[in-house]
Amino acid sequence: MQDLYIHNTLTGNKELFKSIDSESVTMYVCGPTVYGEPHLGHARPAITFDVLFRYLKHLGYKVRYVRNITDVGHLLNDADEGADKIGEKARALQLEPMEVAHFYTKKYHESMHKLNVENPSIEPIASGHIIEQIEMIKKILDNGFAYEVNGSVYFDVIKYNKTNNYGVLSRRKIEDLMDNSRVLDGQSDKKNAVDFALWKKASAEHIMRWPSPWGDGFPGWHLECSAMSCKYLGEEFDIHGGGMDLVFPHHEAEIAQCCAANKKPAAKYWMHNNMITIAGQKMGKSLGNFITLDEFFNGTHEKLDQAYHPMVIRFFLLQAHYRSTIDFSNAALQAAEKGLLRLFNGINVLNNLTSSSMSSVDISLLQSKCDDAMNDDLNTPIVLSHLFDAVKLINATYEGKHSLSHSDIQILKLLFDKYVIGVFGLYAIEKESTNSEFNNLMKLILEIRSNVKANKNWEMADQIRDGLNQLHIEIKDTKDGSTWNYKK
RNA sequence: GGUCGGAUGGCCGAGUGGCUAGGCAGUGGUCUGCAAAACCAUCUACACCGGUUCGAAUCCGGUUCCGACCUCCA
C-alpha cells in the first residue's frame with residue numbers, strides 16, 4: 001500500500017494516513033440539508049470526497065463511506081422562538097415537510113449523478129435516526145455534560161471544557177467564544193451563550209416534531225452526524241469530512257458530543273474542503289449569490305454566458321486543490337471546458353497511436369509522479385499537469401516527432417484510465433446528438449459535401465458549411481473526413 | 001473586535017530556499033481550396049518595505065489590501 005498523506009484539521013498538519021483497520025477505511029462526510037436547490041457549493045465536498053473515496057478503493061482499501069441527508073429542520077437562529085428551514089419552506093409551499101425534503105433529496109441525487117459522483121455506501125437520513133439521537137442525548141445527560149430546561153436539553157460547554165478541550169478542532173479558546181457570543185435578550189433557557197441544543201422543545205406551531213423523554217420536540221443542530229456516524233462507523237472511525245464552514249461550530253460540537261457520550265472524539269482525521277467564491281466572495285445561501293447546479297447545466301442564470309456540462313464543473317474543481325478557495329467565472333469555466341476537451345482528445349489520440357519497436361522518450365516516471373502528487377494530500381491539479389505533459393507527448397508522437405513502444409502505450413492507457421476515468425471520475429463530453437435519425441441525416445449531408453469538395457465546388461461546400469453554421473452546427477474538415485458538433 | 005487564512009504573469013491555478021507546474025487567452029508556425037478545429041513553438045509573474053542567505057515567490061519582521069469563521073451555510 002502506498003503512503004498517503006492528508007491534511008488533518010485536528011492537528012493542522014499533513015499526516016501519514018493510517019487506518020484503524022489496515023485493510024479498510026471508514027469515512028463520514030456531511031451531506032446536504034434538503035430544503036433548497038443543490039448549488040455549486042454542494043458539488044465541492046461531494047466531488048472532493050468522491051475522489052478520495054475512489055482513490056482509497058484504488059489503493060486497495062475496502063471503504064465504507066457514509067454521507068448523510070439532513071431532513072430535520074434546523075433552527076433559523078439561536079433564539080428559542082426560531083423556525084426551522086424545512087418547516088418554513090413547507091409552510092410557504094403548503095406542503096408536508098417530508099414533501100419538501102423528498103423533493104430536494106431527489107434533486108440532489110440527480111445532480112450528483114450528473115456530476116458522476118458515486119453513491120456512498122450508506123446515505124442515512126436524519127429523521128430516520130431520532131431514536132439513536134435520543135439515546136445519545138441520554139448518554140450525554142448520564143455523563144453529566146448536559147442539562148434539561150423546559151423540555152429542551154442543552155450541552156453544557158463550560159462544564160465539558162473543564163475536563164475536555166472545547167476548541168480542539170477550530171483552535172478557539174472558550175474565553176474568546178464567551179466574549180463574542182451573542183447575547184439573546186433573556187430569550188434563551190441556556191445557562192451560557194456558548195451552550196448548544198441537543199434537543200429542542202417544539203412550539204405549538206412547529207411542524208416537525210417527535211416525542212421524547214423531555215416532551216415533543218426535535219433534535220439539535222449537530223447531533224444527527226454524531227448519532228449516525230457512531231451507528232454505522234462505530235465510536236471511532238478514520239475520516240470525517242465536510243466544508244470548512246462546518247469546522248465551527250458543527251464539527252467542534254460533534255467532537256464534544258462524541259467525547260461526552262463515548263469518551264472518544266469520533267474521527268482520527270478531519271478533512272475540510274475550502275469554499276467556492278464568486279468575484280472573491282464566498283458563495284452562500286445567506287448572501288444570495290449562489291448558482292444552482294441545474295442553472296449551470298442549463299446556462300439559465302444571468303451570470304452565466306453559456307451552459308456548462310457537469311464534467312466541466314467536475315474538471316474545474318479538480319484543477320484546484322481542495323483546500324484552496326476556487327474563484328468562479330465564465331472565463332475560468334470556459335478555460336476548463338477547453339482543457340477537458342484537450343485531455344480527452346489526447347486520450348483519443350492515444351487509443352489510435354501506432355506503436356514503434358522502441359520508445360524515444362522515457363515515460364517510466366510518469367506513473368510515480370502522478371501517484372506522488374495524489375499521495376500528497378490529493379493534489380489533483382499536479383496530477384492533471386502531469387497528464388497534460390503526457391498529452392503533449394502523445395500528440396507529438398502522433399505527429400511523428402516521438403515514438404512509443406507497444407508496452408509504453410499500454411502503460412499510458414492504463415495511467416489515463418486509472419486517473420482520468422477511475423479516480424477523477426471524468427468522462428468524455430458527448431456532443432453529438434443521440435437522435436440516430438438526425439445523425440444519419442448529418443452523415444448524408446457531410447457525404448454530399450465531401451463529394452462537392454472532391455469536385456472542387458468550393459462555393460457549394462462553403463454554402464453548406466455556412467448554412468449549418470447558422471443552425472448552430474459546426475463542421476470541421478480533418479484529414480480523415482469531416483465531423484460535426486453543436487456549437488455552444 | 002477576536003481567531004485563522006490568503007495576495008503568483010491578461011484569466012484560472014500549482015509550487016516552501018537554487019532545476020523557475022499545468023490549463024485558457026495572446027503571438028508565431030504546421031495543416032487546409034479557404035476557414036474553423038487540431039497540433040507545435042513561444043512572451044508576460046511572484047502585493048509593498050526591510051532582513052537572513054552565496055542564492056528567496058518560497059524563511060523572518062513590518063506595511064497595505066482581501067477573504068473566512070465567530071449566526072444557518074458545502
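Throughout, protein chains are lettered first and strands after them, A, B, ... in sequence-line order, and every chain is numbered starting at 1.
- Taking atom CZ on A:Arg323 and atom P on B:G67, their separation rounds to 21 Å, with Å as the unit.
- In this structure, A:Trp458 packs face-to-face on the six-membered ring of B:G33, meeting both the 5.5 Å centre cutoff and the 30° plane limit.
- Between A:His309 and A:Phe297, the ring centre distance reaches or exceeds 6.0 Å.
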Any protein N or O atoms within reach of nucleotides 35-39 of chain B? Criterion: under 3.5 Å, listing atom names and distances.
residue, atom, partner, partner atom, Å
B:A35, N6, A:Asp477, OD2, 3.4
B:A35, N1, A:Arg465, NH1, 3.4
B:A35, N3, A:Arg465, NH1, 3.0
B:A36, N1, A:Asp477, O, 3.0
B:A37, O2', A:Lys476, NZ, 3.2
B:A38, O3', A:Asn345, ND2, 3.3
B:C39, OP1, A:Arg342, NH1, 3.4
B:C39, O2', A:Glu399, OE2, 3.2

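- Between the CG atom of A:Asp245 and the P atom of B:A68 there is a distance of 11 Å, given to the nearest Å.
- Atom CG of A:Asp376 and atom P of B:A21 are 17 Å apart (whole Å).
- Salt bridge absent: A:Asp389 and A:Lys369 never bring a charged side-chain N and a carboxylate O closer than 4.0 Å.
- Rounding to whole angstrom units, CZ of residue A:Phe424 and P of B:G22 are separated by 16 Å.
- The NE2-P distance, from A:His386 to B:G23, rounds to 12 Å in whole Å.
- Rounded to an integer number of Å, the gap from CG of A:Leu293 to P of B:A74 is 12 Å.
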- Query: Just by protein heavy atoms under 4.0 Å, how would nucleotides 4-14 of chain B read 5' to 3' in B, S and -?
  - Reply: --------SSS
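- When the P atom of B:A68 is taken as reference, atom CD of A:Glu252 falls 21 Å away, rounded to whole Å.
- Close placement of the A:His272 and A:His251 rings is indicated, their centers lying within 6.0 Å of each other.
- A:Glu337 has its CD atom 11 Å from the P atom of B:A25, to the nearest Å.
- Residues A:Tyr232 and A:His129 bring a donor and an acceptor atom of their side chains to less than 3.5 Å of each other.
- Distance noted for atom P between B:C59 and B:G17: 9 Å (whole Å).
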